[in-house]
Amino acid sequence: MILETQTNWVSRSLQHVWHPCTQMQHHAAIDPVPLIPVSHGRGIWLYDMEGRRYLDAISSWWVNLFGHANPRINAALKEQLDQLEHAMLAGFTHAPVIELSEQLAALTSHQLGHCFYASDGASAVEIALKMSFHAWRNQGQTEKQEFICVQGSYHGETVGALAVTDVSLFRDAYGPMLQRAHVVSSPDARQAQAGESAADVALRAAADLERVLQQRSGKVAAVIIEPLVQCATGMAMHDPVYLQRLRALCDQYQVHLIADEIAVGCGRTGTFFACESAGIWPDLLCLSKGISGGYLPLSLVMSTDAVYQAFYDTDVRRGFLHSHSYTGNPLACRAALATLQIFADDQVLSANRARAQAIATAFAPLQNDSRVAHVRQQGMIFAFDAIEPDAARAASFSRRFFSAALEEELLMRPIGRSVYLMPPYILSDEDIALLAQKTMNVFEKVMHE
Ligand SMILES: Cc1ncc(COP(=O)(O)O)c(C=O)c1O
């Protein structure tokens, strides 16, 4: 038997695996971006083929909630495997999807009582956009065809989701394919001018939204928002008053509000749904990533009864005929049920309040660091911006930080110069101290090299 080395795995991967969100040539360059073959995961750690470990400080693209190889989720999945791995969801149903839908509806106090399933986040966004458009059409409002998104928004990589995404790096190559949305001002609190509060910025941004709603009155189907934190644009955070204004404006102009909680849902921002901290509910809510504990691709759209009723009819064409082969997969739903059980058993939201406070304390030295701007936190999302006046160094900051972090046993991928943590909800006080120490070591190294 040939003993595979780490290097062999890397070269085999580069030969045949086309990696996501990656310029593949960068792995082959003179100063290559590292590619880590993962052997296994335990708790907050991922291990490579040579036994080196990496603290998963970003929950593997924001999906993992309770650590890798979580014994409770593993046990639930093993049991489900022997029961039912998959059955189609049209004409059939099963316990995991029913129980999950019931529990999620209850978490919204039945404001969002209907769950439609898919696999990845972008598919949920596609579904929400189509549902909004089609619901208005079914109600005779065929002119409502346009969408509004916020500056810097990110909703996924499929063609519909990219149309409401405002990150040019991901969007521009496909511009001619997209039915572009209206882009309104961002409520990002970092834009505060002297003397302005985060709430002032939010109200200014809401006024811009109102301007577009007025201009396009009767033409807009929905506004889509990442509540509280726009993650992919660099953890831009806003005041909850923005969401309250958004809800009021959507009611006033009779436009659906779509909350994309794919990244910020499942307790990331402090409450189970981010919208809860503003005391509002959207018409449609997208969930994915953490809902399966980071185990299996699962996404869903929750809707109000009003949206659901717009499709409820004897005519099949007025139904929502969207489908995916793996819609409501029982294994993924069972992982989600085990995840919700952990939330309840371990009182995770209240334990996370203490964790979030411990993170703030451990990273407090950054507040006085002149090379750092906008230290910010929303629940279990913590971020700061590195000040790097040199344009070339600023452009390479993220790549240099990622490589230096690996040497410190850390998995972190800054977005531009925004360094962030979005760790699993199992960090102990010792883990937090270690994470802070390692992050600051990496920051020193990257700023000095
Ligand atoms: C807010 C938001 N929406 C949608 C998506 C797309 O999800 P997926 O990558 O699972 O398609 C992401 C992914 O990061 C996201 O952060």
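In each ligand, atom 1 is the first atom listed, and ligand 1 is the first ligand listed. Just the heavy atoms: all of them, side chains too, but no hydrogens, waters or symmetry mates, feed the values below.
- Checking side-chain atoms of Ser299 against main-chain N and O of Asp120 turns up a donor-acceptor pair under 3.5 Å.
- Within the 4.5 Å cutoff, side-chain heavy atoms of Met380 are placed close to those of Pro423.
- Scanning all protein heavy atoms for the shortest distance to atom 16 (O) of ligand 1 gives Trp62 CZ3, 3.4 Å.
- Nearest protein heavy-atom contact of atom 10 (O) of ligand 1 is Gly121 N, 2.8 Å.
- When each atom of ligand 1 is checked for a heavy atom of Ala263 under 4.0 Å away, the hits are 16 (O).
- Arg12 forms a cation-pi arrangement with Trp9, by the criterion of a distance under 6.0 Å to the ring centre and an angle within 45° of the ring axis.
- For atom 11 (O) of ligand 1, the nearest non-hydrogen atom of the protein is Ala122 N, 2.8 Å.
- Contacts of Tyr154 with ligand 1, taken as heavy-atom pairs under 4.0 Å, involve both backbone and side chain.
- Nearest non-hydrogen protein atom to atom 14 (O) of ligand 1 is Lys289 NZ, 3.0 Å.
- With ring centers used as reference points, Phe363 lies 6.0 Å or more from Phe443.
- Protein heavy atom nearest atom 3 (N) of ligand 1, with residue, atom name and distance: Asp260 OD2, 2.6 Å.
- In the vicinity of Gly156, heavy-atom distances shorter than 4.0 Å reach the ligand 1 atoms 4 (C), 6 (C).
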